[in-house]
Amino acid sequence: MVALRPGLQDAEELRTRVRRQQAQGYRLLAAWRAGEALGLAGYRELENLIYGRFVYVDDLVVREDVRREQLGERLLAAVAAEARRLGCARLVLDTGLGNALAQRFYFRQGMLANGMHFGRSLA
């Protein structure tokens, strides 16, 4: 997860934040090999007026040395299957405007850019 979220200080901060997010429905799916996590997908079921009920992918990361093994595709497919099982008709995620590699990956997975996500710091 640190590869995707370099602002995490350590494993304890990750655990604390994941536990807090779990109270909001966050789930974490991992791709394992020989007891080692090679990829992670963090997601939650949400509802809004735009999509109705949907699954939002907060985090999707695969270790760089195994990225050609289609783990990201398999993790995303597993999250999509869970979304369908929950009765959701849509899978949604955000990625940075400058993250061309991720954008190409998402396009290959049949995902389209439907808009822009805006935000600002409140500090």
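Residues Val79 and Leu29 have side chains in contact (heavy-atom distance under 4.5 Å, counting atoms from C-beta outward). Val55 has its side chain out of reach of Val92: every pair of non-hydrogen atoms, C-beta onward, lies at least 4.5 Å apart. Within the 4.5 Å cutoff, side-chain heavy atoms of Leu101 are placed close to those of Arg104. Looking at heavy atoms from C-beta onward, Leu76 lies in side-chain contact with Val57 at the 4.5 angstrom threshold. At a threshold of 4.5 Å between non-hydrogen side-chain atoms, the residues Val66 and Arg33 count as touching. Arg68 is not listed as a side-chain neighbour of Val62, based on a closest heavy-atom distance of 4.5 Å or more. Residues Arg74 and Leu71 form a side-chain contact, since some pair of their non-hydrogen atoms from C-beta on lies under 4.5 Å apart. Within the 4.5 Å cutoff, the side chain of Arg120 has heavy atoms near those of the Leu122 side chain.
Residues satisfying the side-chain hydrogen bond (donor to acceptor under 3.5 Å, both in side chains) criterion with Glu36, sequence neighbours excluded, are Arg63. Judged as a side-chain hydrogen bond (donor to acceptor under 3.5 Å, both in side chains), and not counting sequence neighbours, the contacts of Gln24 are Arg44. Checked against side-chain hydrogen bond (donor to acceptor under 3.5 Å, both in side chains), Glu82 has the following partners two or more places apart in sequence or in another chain: Arg27, Arg85. Applying the side-chain hydrogen bond (donor to acceptor under 3.5 Å, both in side chains) criterion to Gln109, with sequence neighbours excluded, gives no partner residue.
Note that the CG atom of Asp58 and the CG atom of Leu93 stand 9.5 Å from one another [nearest 0.5 Å]. Atom CG of Leu28 and atom CG of Leu40 lie 5.0 Å apart (nearest 0.5 Å). Here Met116 contributes atom CE and Asp94 contributes atom CG; the two are 11.0 Å apart, rounded to the nearest 0.5 Å. Distance check, rounded to the nearest 0.5 Å: OG1 of Thr16 to CD of Gln21 gives 11.0 Å. Distance check: Glu64 CD to Leu38 CG gives 13.5 Å after rounding to the nearest 0.5 Å. The line from CD of Glu73 to CZ of Arg67 is 15.0 Å long, rounded to the nearest 0.5 Å.
Thr95 approaches Ala102 most closely through the heavy-atom pair OG1-CB, 3.6 Å. Closest non-hydrogen pair, Ala31 versus Leu75, comes out as N-CD2, 4.0 Å. Listed here is the closest heavy atom pair of Ala123 and Ser121: N-OG, 3.1 Å.
With hydrogens and angles disregarded, a donor-acceptor distance shorter than 3.5 Å links the side chain of Gln103 to the backbone of Gly96.
Counting non-hydrogen atoms of neighbouring residues, nucleotides and ligands closer than 6.0 angstrom, the CZ atom of Arg17 reaches no more than 12 such neighbours. Residue Glu12 places its CD atom among more than 12 non-hydrogen atoms of other residues, nucleotides or ligands, all under 6.0 Å distant.
Under the 4.5 Å side-chain heavy-atom criterion for Ile, Leu, Val, Met, Phe, Trp and Tyr, Leu86 and Leu46 are members of distinct hydrophobic clusters.
The ring-ring contact (aromatic ring centres under 6.0 Å, His included) pairs that include a residue from residues 102-123 number zero, where partners must be two or more places apart or lie in different chains. Residue pairs satisfying the ring-ring contact (aromatic ring centres under 6.0 Å, His included) criterion with at least one member in residues 39-68, sequence neighbours excluded, are listed as follows: Tyr51-Phe54.
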